[in-house]
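Below is one structure, written out as structure tokens, with a few remarks after it.
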Amino acid sequence: MSGKKNTAAIILAAGQGTRMKSSLPKVLHHVAGRPMLWYAATLARQVATQTVAIVVGHGSEQVQAYLEQEKINFEPFEVVEQDKQLGTGHAVQQAYPVFTRMASQKPDQFLILNGDTPLLTKETLGSLVDYHQAEGATLTLLTTVVSEPGGYGRVIRGQSGEVCRIVEDRDASSEEKSISEINVGTYVVEAGFLGKALTQLRPQNAQGEYYLTDIIEMAVQQGCKVVAWATGDFLETTGINTRVHLAVAEKEMRRRICQRLMLAGVTMLDPDRVIIDDGVKIGRDTKLYPGVMLEGQTVIGEGCIIHGNSRLSNSLVGKGVLIQDSCVLQEAAIEEGAVIGPFAHLRPGSLIHRKAKIGNFVELKQTEVGEESKVNHLSYLGDTFIGRHVNIGAGTITCNYDGFRKARTRIEDNVFIGSDVQLIAPVTIGEGALIAAGTTVTDNVPANALGVSRVPQINKEGAAARRRALLASSAAHAMVKIHGETKDLSSQPSPPKSKDPT
Ligand code: UD1
Ligand code: CA
């Protein structure tokens, strides 16, 4: 791709996307964990040398809020409102003044792309721009040949193969509809021509819209050079109009992500059955079992093993971590060599230090677990700090909520907590303390003390045997108390036998 010409970009993202049947603006529907618009804006930013104008309209508040949030990634860019969506040509008309009033150098050429074509690659777009410049064309459009061209604009070529015009699906004759070369909706247009052509658009078509595609015939009629760059990869050019297309894009994007990661040294037992978002990073020699889902900005270190059906969302995982089956991690951080699961739920604010172990059916929230500490079975720990080399016994629960406020629990280094302990927060267990199994801790426990709160045990000699004997004799007379009266059920008539269900 050459940087010789000043290239601005316009992204069309104002359409309603009626065929999506959604209250969410089309360009905010996700593909591999990111709104479709992210792909268009990132691509435009990579190829353009100047401002990217993004035309928004339908659901513009939501779209603008999203762009605001991602703005450092797309700058310099400008958002343009298209109040009424009168067509793709009308959308470009709204964006054009952004560039005419620019104080800095005016663009030589425009890259125009649809916001609903998320699979388009930098390589293809780069080739389009290169071809445009090499041909010295006024207008270059991206086309491809598809087996089901329905819904797309068809490329009408003349006798010697030259591009004449685009006819939209709804305006096409049945003969034109049989053409399988389609307009992708991606163009490179010389600035001088575009400005004038936009003023000449008229909404004379089946939809009563201003079609951007009309500028192709205009250029031809004005004797300007129009060429097409045909890509063989039709999947890449898929425009998302329905949820069926969305699923196609999702699948293809995930395939690319898995391929990129595998080539970078990640093992996947079945790449068709792992779901990895575009923003995820994974170190080499990490191994993913089927059913793993890695979402958002999750980062996984080298040499980890993640077993089936675990879902990690916006989490950080250090080197050599083992995550066993069916774990859920949300905004959690796990340091090197820790072991998680199976069946662990690490909620936001969970921080697991080196070589700690979080085991079966453990739920953590806003909880830090120190180096080599263990929470192995059946616990809930919330708003808790745990030091190093601590053992948390099975069934230990922090009672962090009194119905009004959350309170914190602090467990210092080398503490041993027996099974089935309740810690009524706020409470601190001092270093090296020992809490006896079954204890309900209501007060702080000093360092190296033994905390115990239990009802003293009594053993009644022979009581078990006496009870058994009593039960055996009463089984003969199935005595039962009904409304205060004792009845002998063994003398009751037996219920009628039910019919054989066959
Ligand atoms: C458009 C092309 C068609 C091409 C297809 C490729 C036109 C007239 N047709 O058709 O030749 O084959 O894309 O996918 O250009 N938009 C606006 N404002 C509007 C209308 C649309 O910003 O007033 C945006 C949409 O948000 C969308 C893009 O433009 O991102 C394309 O609009 P859409 O309605 O999907 O056009 P298609 O019918 O698919
Ligand atoms: Ca479309």
Side-chain angles (χ1 to χ4, degrees), residues 9-20 22 24-29 31 35-41 43-44 53-60 62-63 79-96 112-120 139 141-146 148-156 163 165-172 176-177 179-187 189 197-198 201-218 228 231 234-246 248-249:
I10 299 173
I11 298 174
L12 308 186
Q16 185 179 2
T18 321
R19 290 164 282 179
M20 292 295 282
S22 176
L24 187 71
K26 177 162 80 174
V27 291
L28 292 187
H29 278 264
V31 172
M36 274 186 233
L37 183 55
W38 187 89
Y39 297 97
L43 192 60
I54 304 176
V55 185
V56 303
H58 183 78
S60 72
Q62 272 170 285
V63 179
V79 177
V80 177
E81 278 271 357
Q82 184 192 21
D83 291 336
K84 280 195 186 135
Q85 285 78 58
L86 303 178
T88 50
H90 183 256
V92 176
Q93 283 172 351
Q94 312 310 300
Y96 195 75
I112 303 175
L113 47 151
N114 287 349
D116 65 353
T117 317
L119 296 175
L120 207 61
L139 193 158
L141 66 149
L142 184 62
T143 73
T144 191
V145 172
V146 296
E148 289 174 29
Y152 289 102
R154 311 296 205 284
V155 181
I156 311 292
V163 176
R165 60 192 174 94
I166 303 294
V167 61
E168 288 305 302
D169 190 63
R170 288 207 236 178
D171 304 294
E176 288 165 338
K177 279 195 172 139
I179 295 171
S180 54
E181 187 184 10
I182 60 132
N183 169 33
V184 174
T186 309
Y187 321 85
V189 192
L198 289 174
L201 290 175
R202 299 289 176 268
Q204 281 149 1
N205 49 60
Q207 301 187 79
E209 286 186 355
Y210 294 86
Y211 286 170
L212 179 62
T213 43
D214 287 350
I215 66 171
I216 287 141
E217 193 176 7
M218 268 182 217
T231 166
F234 68 88
L235 199 54
E236 204 187 291
T237 65
T238 307
I240 312 304
N241 295 326
T242 68
R243 310 249 185 176
V244 175
H245 302 143
L246 187 67
V248 169

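Counting starts at 1 for both ligands and their atoms, following the listed order. Just so it is clear, the structure is predicted and the values come from calculations on it, not from any experiment.
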Report yes if the side chains of [X] and [Y] come closer than 4.5 Å at any heavy-atom pair, otherwise no.
| X | Y | result |
| --- | --- | --- |
| E168 | N205 | no |
| K26 | N241 | yes |
| Y39 | D116 | no |
| I11 | N114 | no |
| H29 | P35 | no |
| I240 | M20 | yes |
| E209 | P203 | no |
| V56 | V80 | no |

So does R243 have more than 12 non-hydrogen atoms from other groups sitting under 6.0 Å from CZ?
yes
Quick check on Y96: does its OH atom have over 12 non-hydrogen neighbours (other residues, nucleotides or ligands) under 6.0 Å away?
yes
Using a strict 4.0 Å cut-off to heavy atoms of [X], name the atoms of ligand 1 that fall inside it.
| X | result |
| --- | --- |
| Q82 | 17 (C), 18 (N), 19 (C), 22 (O), 23 (O) |
| V184 | 6 (C), 14 (O) |
| A91 | 17 (C), 18 (N), 22 (O) |
| T88 | 7 (C), 8 (C), 15 (O), 20 (C), 21 (C), 29 (O), 31 (C), 32 (O) |
| Q85 | 19 (C), 23 (O) |
| K26 | 35 (O) |
| G153 | 3 (C), 4 (C), 11 (O), 12 (O) |
| L86 | 23 (O) |

Return a yes/no value: protein heavy atom under 4.0 Å from atom 22 (O) of ligand 1?
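At least one protein heavy atom is under 4.0 Å away.
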Please report whether atom 33 (P) of ligand 1 has a protein non-hydrogen atom at a separation of less than 4.0 Å.
no
Would you mind checking which non-hydrogen protein atom is closest to [atom], with the distance to 0.1 Å?
| atom | answer |
| --- | --- |
| atom 25 (C) of ligand 1 | G15 N, 3.6 Å |
| atom 35 (O) of ligand 1 | D116 OD2, 3.3 Å |
| atom 38 (O) of ligand 1 | R19 NH2, 3.7 Å |
| atom 4 (C) of ligand 1 | N183 O, 3.2 Å |

Would you check whether [X] reaches within less than 4.0 Å of ligand 1, judged by its heavy atoms?
| X | result |
| --- | --- |
| I182 | no |
| M36 | no |
| E168 | yes |

Nitrogen or oxygen atoms of [X] and ligand 1 under 3.5 Å apart:
| X | value |
| --- | --- |
| N114 | yes |
| L12 | yes |
| I166 | no |
| Y211 | no |
| G87 | yes |
| G151 | no |

Output the distance between atom CG (D83) and atom CD (E81), rounded to the nearest 0.5 Å.
6.0 Å
Just do the side chain to side chain contact (heavy atoms under 4.5 Å, CB included) check on I166 and I156 with the steps written out, would you?
CA-CA 6 Å; I166 303 294; I156 311 292; over 6 Å; no
Of all N/O/S atoms in D116, the name of the one nearest the Ca ion (ligand 2):
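For D116, the N/O/S atom sitting closest to the Ca ion (ligand 2) is OD2.
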Under 3.0 Å from the Ca ion (ligand 2), is there any N, O or S atom belonging to T117?
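So T117 does not bind the Ca ion (ligand 2) by this criterion.
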N/O donor-acceptor pair under 3.5 Å between T242 side chain and H245 backbone
yes
Pair R165 + E176, salt bridge at N-O below 4.0 Å:
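Result for this pair is yes, salt bridge flagged.
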Of the options T237, V155, V146, which is the one that meets V184 in a side chain to side chain contact (heavy atoms under 4.5 Å, CB included)?
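The side chain to side chain contact (heavy atoms under 4.5 Å, CB included) with V184 is passed solely by T237 among T237, V155, V146.
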